[in-house]
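Let me give you the structure first, and then I'll get to my questions.
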2 protein chains.
Amino acid sequence: VSPPALSDEFTLIARYFAPLAKDAPLAFGLADDAAALRPRPGFDLIVTTDCMVSGVHFLDADGPANIARKLLRVNLSDLAAKGARPLGYLLAAAFPRDVAETWIAAFAAGLAADQLAYGLPLLGGDTAATPGPATLTITAIGELREGTMLRRFGAQPGDSLWVSGTIGDGALGLAVKQGRLAGLGEGDADALLDRLHLPEPRLGLGQGLIGLASACLDVSDGLVQDVGHLATASGVACEIDSRLVPLSPAARRAVEQDAGWLSAAISGGDDYELAFTLPPGGEARLAATAKAAGVPVTRIGRVSAGKGVRVLGPDGRVLLLRRGGYRHF
Amino acid sequence: VSPPALSDEFTLIARYFAPLAKDAPLAFGLADDAAALRPRPGFDLIVTTDCMVSGVHFLDADGPANIARKLLRVNLSDLAAKGARPLGYLLAAAFPRDVAETWIAAFAAGLAADQLAYGLPLLGGDTAATPGPATLTITAIGELREGTMLRRFGAQPGDSLWVSGTIGDGALGLAVKQGRLAGLGEGDADALLDRLHLPEPRLGLGQGLIGLASACLDVSDGLVQDVGHLATASGVACEIDSRLVPLSPAARRAVEQDAGWLSAAISGGDDYELAFTLPPGGEARLAATAKAAGVPVTRIGRVSAGKGVRVLGPDGRVLLLRRGGYRHF
């Protein structure tokens, strides 16, 4: 039995993507090549774009719904790191020429689920066929009060360094997926894989950090590397005490099994937690903000004069890491 | 001699892309994962995204600077069709893993040239390596006075149908490139290829059509197919008289050589001209608008009750076209 013929792009858009724009009146049901946004006076719009390539950022085996949700969440994580509230997104999708229509249907269903969860509509997009791997780009748009965007720069010597949630689950989930990390219980392995496939953008926390954090970014390329970006942008040095880095129960059991996984956890990518710096005296407000957002935050180190990132190992001495995080080239 | 090693993505961004953002203070030199936009009160922001894949939308042989410029211009053409003034753009680029740094340098130089020509900065982006063909996505952002966006719908029976510039040069340029259209003088062949590689987004004309055109879109998939989109969105029928369709001198000579090229000209893609409808009595204002924009406009048909597109051939009888335009799947 040959598969049913794929509908043409216009039918695909009408059938699977136009319903995702129904709550955005200025997207005109995707019948136009562009959407309008009517920003509120006194607000800045925040724009960010992220691209994912099959075989690089995800595997086809992850399933179209998970791929769609991760693509959206990765972009939302960038908005979270700025303190922005999401307004909508555009999707440019190059699907393989031989993609099945059921794949696209499941991909759109994944977007629909997370649109509902995070309260943002599809505003527009573009669809093409590629002879190569699926290459999926989302541009996310958010808003925040004028001039309040959280930035990578602004950390000062004397500030403390914090992260949200737990660190390393994505990197250890990838190790499980690639068969490099075995011997965990099934529940632990699944927990790590879930965090790899479905990160949680920290939108509420990010919005709460406005006026509180001195610098902020989301951890996507690995904690050490991303804190390095924050240090460079701010013109300061950061020290991470690896003994303070919050680990999930699953990650903690992996590290108990082999201490080498701690280095993987803090240098691997795909956390999508927020790393931020806090001026002295902000702890009480931060605790209230984190509680309101329902996300734990943990102090993992400090900011000092100088440059670069120092990591203290299990014995309190400076740790040398082989690899600072994910690099594309 | 082996090629010099490619810099990592952070160096590439700092070296080639950050300079493209220097005129956008709220892009923060691309040191952040997002940019801020501060819209003027009373203005809508217009967002559009278009993706180009090597081997599908362009050939590597076109050269990186031309590829970059076409990518930007294709997106600007979408803004032009809405009547928007460009404010900036984001770039998500999946470059092949073995791309040469000189290729990226030339690509960025092409963007720089057209940023200057069209007056818009780079606001942000993402860079990845792909095992497949280069896949390049731009999201362009423009502005216009609140509620004035030109749309595909709004054409009424009795309106006239118009296009800007000349039609078919892109499609005939592709035929020259693929060796299907030979026998033209070298000047004509070059003129058609130039139009294929470097379309002219009709930004000034589009802005002038606000409050004048009843419906508008840009011709990217082929005149007949795109006018069909306008007809469907507006719930009307459109008639195109192929004898009225404006051809460049080069295209006219191709059609004189073989009348079959007329059908290719009106059904092929890559024109990036504006097609729009005009209510009765608007001709004088349109003439003044076109003159101010420096772009010729030509009446090519009319709008009536009904649906679909009818094309009148050289003898004034309805023409049957084998293929209505470019479709991806």
Side-chain angles (χ1 to χ4, degrees), chain A residues 6-10 12 26 28 31-39 41 44-53 55-57 78-79 81-82 84 90-95 97 123-133 135 137 139 141 146 149 151-153 217-218 229 233 327-329, chain B residues 6-10 12 26 28 31-39 41 44-53 55-57 78-79 81-82 84 90-95 97 123-133 135 137 139 141 146 149 151-153 217-218 229 233 327-329:
Chain A
L6 186 67
S7 304
D8 72 54
E9 63 190 292
F10 307 108
L12 290 177
L26 296 181
F28 310 110
D32 251 297
D33 275 334
L37 272 172
R38 192 158 301 165
D44 285 346
L45 289 189
I46 307 301
V47 289
T48 182
T49 191
D50 262 309
C51 158
M52 288 183 13
V53 181
V56 179
H57 302 84
D78 280 328
L79 291 185
K82 305 296 144 208
L90 296 98
L91 169 70
F95 294 117
R97 279 181 185 150
L123 295 175
D126 188 27
T127 306
T130 174
T135 304
T137 301
T139 301
I141 302 170
E146 198 173 293
M149 184 174 115
R151 299 171 188 179
R152 292 182 171 197
F153 56 89
L217 46 57
D218 71 324
H229 294 318
R327 286 168 188 261
H328 271 289
F329 294 101
Chain B
L6 186 66
S7 305
D8 72 54
E9 62 190 294
F10 307 108
L12 290 176
L26 296 181
F28 310 110
D32 250 299
D33 274 335
L37 272 170
R38 193 157 300 167
D44 285 345
L45 289 189
I46 307 301
V47 288
T48 183
T49 190
D50 263 309
C51 158
M52 290 184 12
V53 181
V56 179
H57 301 86
D78 279 329
L79 291 184
K82 305 297 144 208
L90 296 98
L91 168 70
F95 295 117
R97 279 181 186 150
L123 295 175
D126 188 29
T127 306
T130 174
T135 305
T137 301
T139 301
I141 302 171
E146 198 174 294
M149 183 174 114
R151 299 170 187 181
R152 292 183 171 196
F153 58 87
L217 46 57
D218 72 322
H229 293 319
R327 285 167 188 265
H328 271 288
F329 294 101

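Letters A, B, ... mirror the listed sequences (proteins, then strands); counts begin at 1.
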Top residue by heavy-atom pair count (under 4.5 Å) with chain B, among T48(A), D44(A), D218(A), T139(A)?
->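 Counting heavy-atom pairs under 4.5 Å, the top option is D44(A).
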Using side chain to side chain contact (heavy atoms under 4.5 Å, CB included) as the criterion, list what pairs up with A94(B), not counting sequence neighbours.
-> C51(A), V53(A), T135(A), T130(B), T135(B)
Exercise: identify the closest heavy-atom pair between M149(A) and A35(B) |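 Shortest heavy-atom contact: SD-C, 4.4 Å.
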Does any heavy atom of chain B fall under 4.5 Å from the side chain of L217(A), the backbone, both, or neither of them?
->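 Contact with chain B: none, neither part.
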Looking at P41(A), P133(A), A81(A), which one has more heavy-atom pairs under 4.5 Å with chain B than the rest?
-> P133(A)
For the residue pair A34(B) and K82(A), what are the closest heavy atoms and their distance?
->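 Scanning both residues completely, I find the closest heavy atoms to be CB-CG, 3.7 Å.
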Pick one of side chain, backbone, both or neither for L91(A), based on which atoms fall under 4.5 Å of a heavy atom in chain B.
->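 Backbone only.
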T49(B) vs T137(A) side-chain heavy atoms within contact, under 4.5 Å =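 Answer no - side chains too far apart.
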Mind listing the closest non-hydrogen atom pair of A129(B) and V56(A) along with its distance?
-> O-CG2, 3.6 Å
What is the minimum heavy-atom distance between A128(A) and H57(B), and which atoms define it?
-> CB-CE1, 3.7 Å
For chain B, the option from G124(A), G55(A), G125(A) that forms the most heavy-atom pairs under 4.5 Å =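 Option with the top pair count is G125(A).
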Contact leader toward chain A among L79(B), V47(B), D78(B), where contacts are heavy-atom pairs under 4.5 Å = V47(B)
